[in-house]
Amino acid sequence: MTNDIDKILFTEEQILKRVKELAQEINEYFGKEPIVAVFVLKGSAFFASDLIRYLDMNVTMEFMTVSSYGAQTISSGKLTIKKDIDTDIAGKNVLIIEDIIDTGITLSTLAKLFRERGAKNLKVVTMLSKPSRREVEFEADFTGFEIPDVFVVGYGLDYADNYRNLPYIASLKEHVYKDKID
Ligand code: IMP
Ligand code: MG
């Protein structure tokens, strides 16, 4: 598996340091207000679990699975909800926790959905963002790191469902996916 890794962009230590800083920003923003933390699975599983452990307010956990990707590195532009949260978020503070914003389609669609459902205050935190890849305008309220247009894996991020368990965030060697997309 590690033979497929090109370059480590963020080490475990760098990630944890940034996660704590983000938690601090979120603590300052929400204060003592309780929040519903929505984990956008599977990608944000590690990031969200790490992040919420440094939040000071009452936090409930909800899980959602959406997909805009097959086993490709190019977004299909369509979003399917495969598993929805199981609570009513009307009137609540909601923090959507995502792994990465690429085209912006996933989060702009999700943000619209949660607003329609009546969230009192909706905020979005993402570990990574690729601003140069946006197809729809969308920025998170809290962003871990901005990265250039490279495909990354690890710390929850996958390629064809693999590499999620790497403790760092890294780019993949081109040969891993080059022959599989047009
Ligand atoms: P968007 O809808 O194009 O913003 O895509 C967001 C989703 O695409 C993320 O939740 C990831 O699942 C996936 N994604 C985008 N870029 C990468 C990447 O570099 N590595 C792994 N997954 C990615
Ligand atoms: Mg994802």
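In listed order, ligands and their atoms are each counted from 1. Note that this is a predicted model, so its numbers are computed, not measured.
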*Asks:* Can you find an N/O atom of Gly104 closer than 3.5 Å to an N/O atom of ligand 1?
*Replies:*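 The answer is yes, given that Gly104 and ligand 1 share an N or O pair closer than 3.5 Å.
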*Asks:* Should you measure from each heavy atom of Ile105, which atoms of ligand 1 turn up under 4.0 Å away?
*Replies:*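 It comes down to these atoms of ligand 1: 2 (O), 4 (O).
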*Asks:* Looking at ligand 1, would Ile100 count as a contact under a 4.0 Å heavy-atom criterion?
*Replies:*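 Yes, Ile100 has heavy atoms under 4.0 Å from ligand 1.
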*Asks:* Say whether Glu135 and ligand 1 are in contact under the criterion: heavy-atom distance to a ligand atom below 4.0 Å.
*Replies:* no
*Asks:* Should we count NZ of Lys173 as having more than 12 external heavy atoms under 6.0 Å?
*Replies:*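 More than 12 within 6.0 Å, yes.
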*Asks:* Show every donor-acceptor pair shorter than 3.5 Å between a side-chain atom in residues 117-125 and any protein atom, with sequence neighbours excluded, or say none if there are none.
*Replies:*
from, atom 1, to, atom 2, distance (Å)
Arg117, NH1, Asp84, OD1, 3.2
Arg117, NH2, Asp84, OD1, 3.4
Arg117, NH2, Asp84, OD2, 2.5
Lys120, NZ, Glu33, OE1, 3.3
Asn121, ND2, Tyr29, OH, 3.0

*Asks:* Counting from 1, what ligand 1 atoms have a heavy atom of Leu157 closer than 4.0 Å?
*Replies:* 21 (C), 22 (N)
*Asks:* Could you give me the CA-CA distance, side-chain angles and deciding distance for Ile100 and Ile147, then say whether side chain to side chain contact (heavy atoms under 4.5 Å, CB included) is met?
*Replies:* CA-CA 10 Å; Ile100 185 165; Ile147 60 167; 4.1 Å; yes
*Asks:* Assess whether side chain to side chain contact (heavy atoms under 4.5 Å, CB included) is satisfied between Thr143 and Ile101, documenting all intermediate values.
*Replies:* CA-CA 9 Å; Thr143 300; Ile101 309 182; 5.7 Å; no
*Asks:* Has Val150 got any heavy atom lying under 4.0 angstrom from an atom of ligand 1?
*Replies:* yes
*Asks:* Atoms of ligand 1 less than 4.0 Å from Asp99 heavy atoms?
*Replies:*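 So the atoms of ligand 1 that pass are 9 (C), 10 (O), 11 (C), 12 (O).
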*Asks:* Polar contacts were defined as any N/O atom of the residue lying under 3.5 Å from an N/O atom of the ligand; does this apply to Val152 and ligand 1?
*Replies:*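 Yes.
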*Asks:* Given that the side chain starts at C-beta and the backbone is N, CA, C, O, which of these parts of Glu98 lies under 4.0 Å from ligand 1, counting heavy atoms, or is it both or neither?
*Replies:*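 Within the 4.0 Å criterion, Glu98 contacts ligand 1 through side-chain atoms alone.
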*Asks:* Does a side chain donor of either Asp4 or Tyr159 reach within less than 3.5 Å of an acceptor in the other side chain?
*Replies:*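 No - no donor-acceptor pair under 3.5 Å links their side chains.
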*Asks:* Answer yes or no: does atom NZ of Lys7 have more than 12 heavy-atom neighbours from other residues, nucleotides or ligands under 6.0 Å?
*Replies:*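 Not more than 12 within 6.0 Å, no.
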*Asks:* State plainly whether the residues Lys17 and Glu21 are in salt-bridge range, i.e. N to O under 4.0 Å.
*Replies:*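 The answer is yes: the pair qualifies as a salt bridge.
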